[in-house]
Student: 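Structure below; questions to follow.
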Amino acid sequence: MATEEVNKPPSLPSYPQMIVNAIEALNDKNGSNKTSISKYIESQYGDLPAGHTTLLSHHLNRMKETGELIFWKNNYMKADPNAPPRRGRGRPPKSKDPLPPGVVLSPARPRGRPPKDPNAPPKSPKPKVASGTGKPRGRPRKMARPAGGIGGSSTTTMVAAVRPRGRPPKVKASALTEANSGLGKVESEV
């Protein structure tokens, strides 16, 4: 039994206590960063558990959330109860003044265009202003070609152009070679 007590490492204080001791011992006015706290704890308490860095990070975050430590510019420092709270970047939020009793707020206006009033009298339509020339506006419509030619009969019917729109299709190479070979025969005969 005596040998077990001798071989047993001395008990370590809790991590929050070690962290507070390290910050007090380092005594930096801007606080101490995580690596300096870790190095101090390793130098003071030699035999640390295997997951020391993980445990240290966990306890630092927990102490920061509970308000025991203040995290400012990547440094941890003890919270001073008399110090004013530090402001972050940006514009501070507006302070909300409490309303005096008996004041009732109107509901917020909904977004979008308000609906038309069904009881409102109908508006009279605006009179159209006539243009001076009397011609219709815009490009004139295409006229269809007469079927009977230019000097056709008076009863010719109007037929729309049959040619399709766009670029004409490519001529195939086989059709070109046949046309060229036909020309060659004609030239050789002459």
Side-chain angles (χ1 to χ4, degrees), residues 30-31 33-38 51 53-67 69-77 84-190:
N30 293 329
N33 61 12
K34 184 173 160 184
T35 54
S36 61
I37 294 170
S38 177
T53 54
T54 310
L55 284 167
L56 180 67
S57 300
H58 168 73
H59 284 284
L60 282 171
N61 286 334
R62 202 168 111 225
M63 291 173 75
K64 178 176 66 172
E65 289 170 2
T66 58
L69 295 179
I70 297 172
F71 185 68
W72 181 253
K73 293 186 179 178
N74 210 23
N75 289 334
Y76 295 92
M77 58 186 86
R86 291 197 184 223
R87 252 190 30 152
R89 293 178 59 196
R91 187 176 201 166
K94 288 184 178 178
S95 61
K96 293 187 177 180
D97 296 328
L99 294 173
V103 176
V104 178
L105 288 176
S106 61
R109 228 174 103 194
R111 292 179 55 188
R113 187 176 184 153
K116 290 185 177 180
D117 185 15
N119 300 329
K123 290 184 178 179
S124 61
K126 292 182 181 177
K128 290 188 178 181
V129 178
S131 60
T133 61
K135 285 181 171 180
R137 294 179 61 199
R139 184 175 181 156
R141 301 206 48 73
K142 241 183 190 177
M143 297 298 294
R145 292 186 182 175
I150 296 174
S153 66
S154 61
T155 60
T156 59
T157 58
M158 302 299 254
V159 177
V162 182
R163 189 175 78 203
R165 293 181 64 185
R167 188 177 193 151
K170 278 189 174 178
V171 180
K172 298 230 187 297
S174 62
L176 285 176
T177 55
E178 290 173 10
N180 289 341
S181 64
L183 287 175
K185 291 179 185 175
V186 174
E187 288 174 4
S188 60
E189 291 174 2
V190 176

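Nothing here was measured: the structure is a model prediction, and the numbers come from that model.
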Student: Is the backbone N or O of Lys34 less than 3.5 Å from a side-chain atom of Ser38, with the two atoms forming a donor-acceptor pair by type?
Tutor: no
Student: Which heavy atom of Ile37 sits nearest a heavy atom of Leu56, and at what distance?
Tutor: CG2-CD1, 4.1 Å
Student: To the nearest 0.5 angstrom, please state how far the OG1 atom of Thr54 sits from the NE2 atom of His59.
Tutor: 11.0 Å
Student: For the atom pair CG (Leu69) and CG (Asn61), what is the distance rounded to the nearest 0.5 Å?
Tutor: 10.5 Å
Student: What's the separation between atom OH in Tyr76 and atom CG in Asn33, rounded to the nearest 0.5 Å?
Tutor: 9.5 Å
Student: In Å and rounded to the nearest 0.5 Å, what is the CG to CG distance from Asn74 to Asn30?
Tutor: 12.0 Å
